[in-house]
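Below: one structure, written as structure tokens.
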Amino acid sequence: MKLRTFKGGIHPPDNKHWTSHKAIEDCPLPDELVVPLSQHIGAPSVACVEVGQHVAKGQEIGSAKGFVSVPVHASTSGEVVAIENRPHPFGTPLPAVVIKPDGEDSWSSNLQFTDPGSLTSDELIEKVRQAGVVGMGGAAFPAHVKMSPPPEKPIHTLLFNGVECEPYLTSDHRMMLEESERVLQGVALLQYVYGAERVVIGIEANKPDAIALLKKQCADAAVEILPLQVKYPQGAEKQLIFAATGREVPSGGLPMDVGVAVHNVSTAAAVTDAVMLGRPLIERVCTVTGPAIKEPKNLRIRIGMSLSHLVEVCGGLVEEPGKIILGGPMMGFTQVGLDVPVIRGSSGLLLLREEDIANSPEGPCIRCARCVQACPMNLMPTTIAAYARRDLVEETEEYCAMDCIECGSCSYVCPASIPLVQLIRHGKAAVLAKKRNALL
Amino acid sequence: MADLLVILVSAIFVNNFVLARFLGICPFLGVSKKVETALGMGMAVTFVMTVATVATWFVQYFILIPFGIEYLQTIAFILIIASLVQLVEMVIQKVSPVLYQSLGIFLPLITTNCAVLGLAVLNIQKDYTFLEGIVFAIGAALGFTLALVLFAGLRERLELCAVPQSFRGTAIALVTAGLLSLAFMGFAGLVKG
Amino acid sequence: MSQQLYLSSSPHVHSGETTPSVMRAVLYSLVPACGVAVYFFGIPALSVLLIATLGCLATEVVCQRLMRQPVTIADGSAAITGVLLALNLPPTSPWWLTLLGAVIAIAVGKQVYGGLGSNPFNPALVARVVLLISFPVQMTTWSAPAPLGSGLDLVTTATPLGEWKNAVMLTGAMPAEMQGSMAGYFLGNMPGCIGEVSALALLLGAGYLFYRRILTWHIPATYVGTVVLLSGAFWLINPAKYPNPVFHLVTGGLVLGAFYMATDMVTTPVSIRGMLIFGVGCGVLTVLIRLFGGYPEGVSFAILLMNAATPLIDRYTKPRTFGTARQGGSV
Amino acid sequence: MLAAILSLGCIGMVAAIALGIAAKKFAVEVDPRELAAMEVLPGINCGACGFPGCAGYAKALVTGKAEPNLCPPGGAELMTKLARILGVEAIVMARQTAVVLCQGDNRKAQLKFRYLGLEDCNAAQRIAGGPKACPGGCLGLASCQRACPFDAIEMTADGLAVISREKCTGCRKCVAVCPRDVIRMTPYESSVHVMCNSHDKGAAVRKYCQVGCIGCHICHKTVPEAYKLEDFLATVVYEQDAQAFEAIPKCPTKCIRDFNEGYPEGSTFLPINNDKSDAA
């Protein structure tokens with residue numbers, strides 16, 4: 001049978017063999033943890049502890065500001081030594097709480113086990129919010145917001161994203177293999193919240209072990225394990241929904257417009273911790289990999305550990321890295337240094353050597369149409385980019401720049417090495433600016 | 001019927017007014033920066049050409065020939081065409097200000113447009129009947145529109161190209177027009193027009 | 001240390017396929033066709049190939065120097081234009097004609113528009129058509145193949161398409177007997193342009209390009225398909241006058257045109273629907289010009305005309321964006 | 001002969017009558033002042049007036065929605081012309097000129113990292129805040145140069161934007177496009193500027209830039225009314241800057257520049273020499 005997928009897409013070398021067979025290792029605590037106050041999409045949290053104060057593991061140290069926001073918690077017990085601007089994965093220094101671990105690593109006494117059967121779905125969502133659970137695929141959108149769709153948009157299909165289509169990354173893969181119970185528990189909890197009729201876990205066919213394991217464990221439950229064709233960006237929300245349900249999320253719309261909600265499998269595990277144990281999201285699995293790393297590993301890391309600590313745990317560097325990327329090579333963000341901390345959305349740390357960097361000079365577009373055929377959103381990247389470069393805002397919008405999901409497929413295939421994604425982002429910013437001005 | 005088809009095809013492709021007869025170059029270069037305006041201009045020319053053919057045909061056969069003053073053909077035709085274009089201009093200005101703005105100063109250009117005058121004169125020279133004349137006019141106008149729209153498409157694309165500074169604008173437009181005309185020579189001999 | 005780090009927008013990996021690598025692949029794919037041409041036409045064909053290629057490279061250098069732009073002959077696009085131009089010339093064309101063609105192709109066809117990627121018309125075809133109209137005698141003097149080692153000299157004769165056209169013009173019917181056989185035409189044993197002769201060699205090269213995913217099926221398939229259907233229809237109506245579709249396929253420049261000229265990326269549409277329209281348009285125009293036009297061969301004109309229509313085709317065949325309504329239906 | 005005259009005359013008459021009727025029937029009212037205003041407006045559609053293009057401004061003028069002093073490229077001369085057309089008193093707007101408040105080119109200021117990608121300041125700014133270590137300095141990727149409709153901005157060989165005081169019309173397009181807010185509008189008469197836009201502490205500025213303002217207060221102490229300091233950055237108080245030039249030789253980082261004496265290093269623009277010593 002032909003596996004389900006979407007139209008377009010690319011097949012980059014996945015390079016997962018470096019870590020896909022390696023069990024998750026606990027990362028030892030460093031001397032200092034820098035927990036940034038903005039780790040999610042939405043308003044940053046506000047510090048609610050003082051310098052010199054002792055905090056317990058899991059204690060709230062930054063409180064949420066507004067609905068689309070979540071609290072931030074101490075990743076270990078220790079003393080708050082500073083609250084100041086520190087280097088941040090977003091590029092510029094941002095407020096962070098600096099904790100000096102006391103070595104006890106003792107949980108806050110407020111956290112307790114709850115029987116989920118005794119909770120209403122609203123109480124359950126509140127627990128998820130308090131635990132600071134965000135989407136762990138990379139975008140870090142607060143999970144409780146997603147879990148509260150308006151009543152006129154009922155969710156009939158709940159979709160779990162175990163695709164992990166980004167090359168190099170294996171953290172979700174290992175989660176599904178080693179912590180399948182936590183994941184499935186979260187799946188059940190989320191199904192309870194949404195009241196969805198159909199529950200699907202989508203997994204790319206290059207993880208047969210995870211597919212087999214989950215199939216076995218879900219044999220009696222009404223959870224469907226859906227193997228998907230190996231193709232990037234199979235894990236992009238809209239493409240995953242199309243593959244699983246055959247529905248297209250309307251342009252400018254959200255998954256709930258077609259009655260679907262999508263969560264990452266790691267998010268499901270975090271929901272389990274939050275609801276059953278009352279434990280906030282203070283750790284995650286992160287794949288530390290790349291040609292510049294001596295011993296690539298899947299690490300269970302605490303939020304706030306510095307990249308240099310992760311590198312050290314993985315045996316150090318082979319040579320000076322040319323590029324430091326948080327996330328995968330297709331959509332991850334380059335970092336200005338190794339003093340940056342990991343945050344809730346950091347699914348991987350990829351270090352490339354200078355020779356691995358794609359750095360051929362930009363040439364003129366030869367209209368080869370590879371980008372058009374690779375685009376999973378069916379756009380004409382080269383045309384949008386040409387308009388965006390000339391700041392022709394109306395034409396940029398007319399060619400549907402705003403529908404671009406910035407997956408990078410077009411830039412990947414472009415033989416002229418045109419920074420298509422960057423140009424389209426540039427164009428999108430111009431379109432948004434124009435819309436803002438029109439409102440004024 | 002077959003004759004009419006031959007006249008039509010010949011006027012559109014084989015003896016395209018712009019690309020084979022080289023008539024009406026001024027609006028061809030002037031109003032071909034955008035496909036929309038090119039289409040508008042094509043419509044305007046189609047309308048003017050058809051009406052002008054009707055008017056000049058009547059003037060030729062009911063005034064100039066009966067009175068034996070065929071030598072006044074050119075001046076009479078110009079007079080009629082000029083008034084007609086003025087009329088069209090006024091109507092467009094009132095009915096569609098947007099079209100008027102985009103056609104801008106080029107509408108008056110049809111006034112002294114050699115394509116319209118050339119059509120009227122050719123029509124008489126070829127001894128076309130009234131019906132043939134109208135078909136010829138429509139064919140010529142469609143050919144003009146086709147050339148104009150194709151050319152506008154090319155020029156829109158050139159806007160996004162790295163044309164060297166010294167060739168930008170009219171220079172590259174003329175080179176392109178030449179190449180387009182070369183391509184149209186492939187139609188030569190397709191029908192005896 | 002951090003000052004040595006590279007930062008950039010995502011994505012951070014690349015397929016490795018670059019413009020020069022694409023161009024190199026196209027050049028490799030043309031090797032069999034050039035080889036067959038040299039086999040059948042000998043040294044004259046080789047010299048046309050060399051003059052055209054070197055002429056194009058030299059013109060590119062001169063133009064870019066004059067315009068104070070970086071010289072980009074290393075990307076291979078000028079060399080391709082040169083080879084394709086040579087394949088579109090008769091093997092007997094004099095050196096000055098070939099050189100003039102090379103200068104026109106690069107200077108007028110490409111560099112005035114700003115070089116690679118900007119030209120609306122296929123440069124090699126621009127040169128061929130300019131030469132065909134300016135020097136009809138030299139451009140239509142064909143010679144029968146004289147395979148290497150056969151000891152024959154090149155003898156002036158007519159191409160199969162020309163043979164047919166002359167007969168139709170004079171008698172209104174097919175010539176009683178054509179000089180060559182269909183199989184001979186397919187292998188390349190017929191008079192014609194350097195690159196027109198062997199459909200087989202061209203298809204071999206095209207196969208390599210398909211394998212490298214540089215060619216897609218859309219334009220060649222629709223182009224050839226349309227020619228077969230349309231010429232087949234005419235053949236069925238009047239087999240005494242019109243040649244059969246196979247004749248159309250193996251003679252003239254159809255294979256060269258459909259697989260190499262009409263698939264030039266720069267001058268053809270980028271959307272799939274656009275490519276299909278482009279192919280059909282080329283096919284229709286080719287058959288019309290071949291059967292009814294003044295010129296025996298219509299491939300060059302057909303492709304140039306469709307090149308002219310490419311911006312319009314692109315404009316009106318924008319692919320349907322994911323998540324927007326299909327025409328006349330809902331998402 | 002007679003037939004010729006008569007028939008042509010008749011054709012002419014018929015045409016004239018038809019046109020006359022059409023002119024009445026399809027008449028379109030256009031305010032003649034709008035056309036006159038369009039005539040004198042520069043026609044570059046820069047949008048500095050806040051209306052869509054010069055035509056939009058002309059329409060707004062005659063309908064009383066706009067004052068005649070909103071066109072910086074036209075300057076005072078245009079204002080009086082417009083005022084005359086509209087028949088109102090002109091309120092003359094002082095001429096303003098845009099200045100890049102930075103001299104930290106790629107040799108004088110440090111980079112945080114090597115930037116790969118689009119040569120555009122806004123695009124670069126989105127990558128970790130731009131490659132320049134200084135958060136306020138000129139990125140040197142020429143976005144302002146491309147935005148300038150008057151060719152008034154040049155990029156030096158070392159990547160610094162410099163604006164010609166003479167060519168600048170004050171249309172503010174560069175100000176709008178600059179992601180780092182380093183281009184400021186200043187009165188044309190004021191030629192002395194503090195060429196820095198970094199609000200970091202002096203020690204930090206010293207680390208990444210040889211010519212940045214370190215907030216040492218010396219200029220303020222020398223000419224108190226002409227300089228003010230905020231967040232470790234001195235700026236000229238343009239309302240009372242007559243003596244500002246006195247502080248120039250005292251600045252330890254050579255951060256204050258009189259554009260009448262010369263443009264930043266690497267610029268090909270030449271100052272217009274009006275001798276300051278006479279005025280003083």
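In the text below, chain A, chain B and the rest are named by the order of the sequence lines, each starting its count at 1. Heavy-atom basis, side chains included; hydrogens, waters and symmetry copies ignored.
Within 6.0 Å of CD1 in B:I65 there are more than 12 heavy atoms belonging to other residues, nucleotides or ligands. When the shell of 6.0 Å around CZ of B:F47 is examined, it contains 12 or fewer heavy atoms from other residues, nucleotides or ligands. Summarising the local packing, CH2 of C:W235 is surrounded by 12 or fewer heavy atoms from other residues, nucleotides or ligands at distances under 6.0 Å. The local environment of CZ in C:R65 is sparse, with at most 12 non-hydrogen atoms from other residues, nucleotides or ligands closer than 6.0 Å.
At a threshold of 4.5 Å between non-hydrogen side-chain atoms, the residues C:L304 and B:L182 do not count as touching. The shortest side-chain heavy-atom distance between B:F187 and C:L305 falls under the 4.5 Å cut-off. At a threshold of 4.5 Å between non-hydrogen side-chain atoms, the residues C:L288 and B:F13 do not count as touching.
With a threshold of 4.5 angstrom between heavy atoms, B:L154 approaches chain C through its backbone and through its side chain. When heavy atoms are compared at a cutoff of 4.5 Å, C:L125 does not approach chain B at all. For B:S166, no part lies near chain C; criterion is any non-hydrogen pair under 4.5 Å. Interface remark: C:D314 contributes no atoms to any contact with chain B (heavy atom separation under 4.5 Å). Within the 4.5 angstrom heavy-atom criterion, atoms from both the backbone and the side chain of B:F184 approach chain C.
Scanning all heavy atoms of the two residues, the minimum distance from B:V163 to C:V112 falls at CG1-O, 3.7 Å. Shown here for C:V266 and B:R157, the closest heavy-atom pair between the two residues is O-NH2, 3.2 Å. Between C:S118 and B:A162 the shortest heavy-atom distance is OG-N, 3.6 Å. The shortest non-hydrogen separation linking C:M67 to B:F167 is SD-CE1, 4.4 Å. Considering every non-hydrogen atom in both C:Y113 and B:P164, the closest pair reads C-CD, 3.9 Å.
Most heavy-atom pairs under 4.5 Å with chain C, from the set B:I172, B:V175, B:V149: that is B:I172.
Within the model, atoms CG of C:N307 and CG of B:L150 stand 11.5 Å from one another, a figure rounded to the nearest 0.5 Å.
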